[in-house]
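Written out below as structure tokens is the structure these notes cover.
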Amino acid sequence: MLTSAAFLLLSSFVLSAIAGHPSHNNLRARHARQAHRRDKSFTLTDKYVGKDFLDEGKWGYFTGSDPTHGSVNFVSQSDAVKKGLAFVRPDNVAVLAVDNTTDLSPGQNRNTIRITSTKSYNGGLFIADFGAMPHGCSVWPAWWSVGPNWPSAGEIDVIEGVNEGTVNQYTLHTGEGCNLARNPPASSTGSLAFTSKVLGTTCASSGGDNSGCAFLDSDTRSFGHGFNEQGGGVYAHLWDNTGIKAWHFARGEIPADITAGAPNPDSWPTPQAFWAASGCDIAQHFHDHNLVIDTTLCGDFAGGAYPQSGCPGTCAQAVADKTNFDFARWQINSISVYN
Ligand SMILES: *[C@@H]1O[C@H](CO)[C@@H](O)[C@H](O)[C@H]1NC(C)=O
């Protein structure tokens, strides 16, 4: 991008120097403006849609026990398809569901899905369009990315929440030395640097304290039932050497440049979350991330928060009752990666 912009700029100067005609000054100005725009434009590198989410060459189906101690069996791609937990609708929406057809006894694990992109990333602009996300008592969905040797290569949690939570949480987990800067410079399109409430500023996570540095959204359209009622929406995040920014756009408020496939984050409103490079050396703490979409049940977060969730009984009882999972499914319209 930089190279072609520099070339344009250079060629316009050369052109006007050779020609020496006044009208070429206008040409030069126009080229310079184009070069400036081109500097900030993004190129689509990957777009995942429909059957891509069933393609094991693109997304691996994780079948190990849940590292976050959820009461789940993560099923293989073939089991997910066979059991109707992963499928593509006629309108090309990919669905990843928690089993809602099996009665269990409290203490038994329920079938669900965790997929991880084969490709890994070292930054970019990620635009995820979901028609719906999972929610319900015991349910813990997440859209995130993670590097090797957790937490030293970082984790970026873009969508996360538990039980019948109504707002989204945005979190980073890292090794030692990365912090959320509370007062970074305001965004180019607003007076604030971010719109969400800061929950914690220490990104370093360990076995003992895994809360990370996080923001809590205040918009009830950002998570669960409220998100789904809008027909879902778009979560976009920009990971570059200035920091990591995350935006949520409800269905009716998606910027036209996103829909047009020419995203321009500079024109978007203040992000919901922003971890500025002033508090964290991004390149040092984040690298080689695989993208992950999963839904687990109970475990460290949904189980820990269950007593305060307003849900009845125990988390294990919720897992046993199949009627809790009719809304525990991702509807994925697309995931696009730009660089
Ligand atoms: C499971 O959930 C889906 C989606 O909400 C619903 O259409 C289906 O009827 C449910 N299955 C059962 C057995 O209730």
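Note that this is a predicted model, so its numbers are computed, not measured. Ligands are counted one by one from 1 in listed order, and the atoms in each one are counted from 1 as well. All values below were derived from every heavy atom in this structure, side-chain atoms included, with hydrogens, water molecules and symmetry-related copies excluded.
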Could you check, using the six-membered ring where one of them is a Trp, whether F130 and W330 have ring centers closer than 6.0 angstrom? yes
Go ahead and list the nitrogen or oxygen contacts between ligand 1 and the protein that come in under 3.5 Å, distances to 0.1 Å, or just say none.
from, atom 1, to, atom 2, distance (Å)
ligand 1, 2 (O), N100, ND2, 2.2
ligand 1, 5 (O), D326, O, 2.7
ligand 1, 11 (N), N100, ND2, 3.1

Trace of the side chain to side chain donor-acceptor pair (under 3.5 Å) decision for E164 with H225: CA-CA 8 Å; E164 288 291 15; H225 177 67; over 6 Å; no
Would you call the rings of W247 and W268 parallel, tilted or perpendicular, taking 30° and 60° as the class edges? perpendicular
In this structure, is the centre-to-centre distance between the rings of H289 and W144 below 6.0 Å? no
Parallel, tilted or perpendicular for H237 and F126, by the 30°/60° rule? parallel
Just grab all the ring pair (Phe, Tyr, Trp, His ring centres under 6.0 Å) pairs involving residues 176-198, residues at least two apart or on different chains. F194-F215
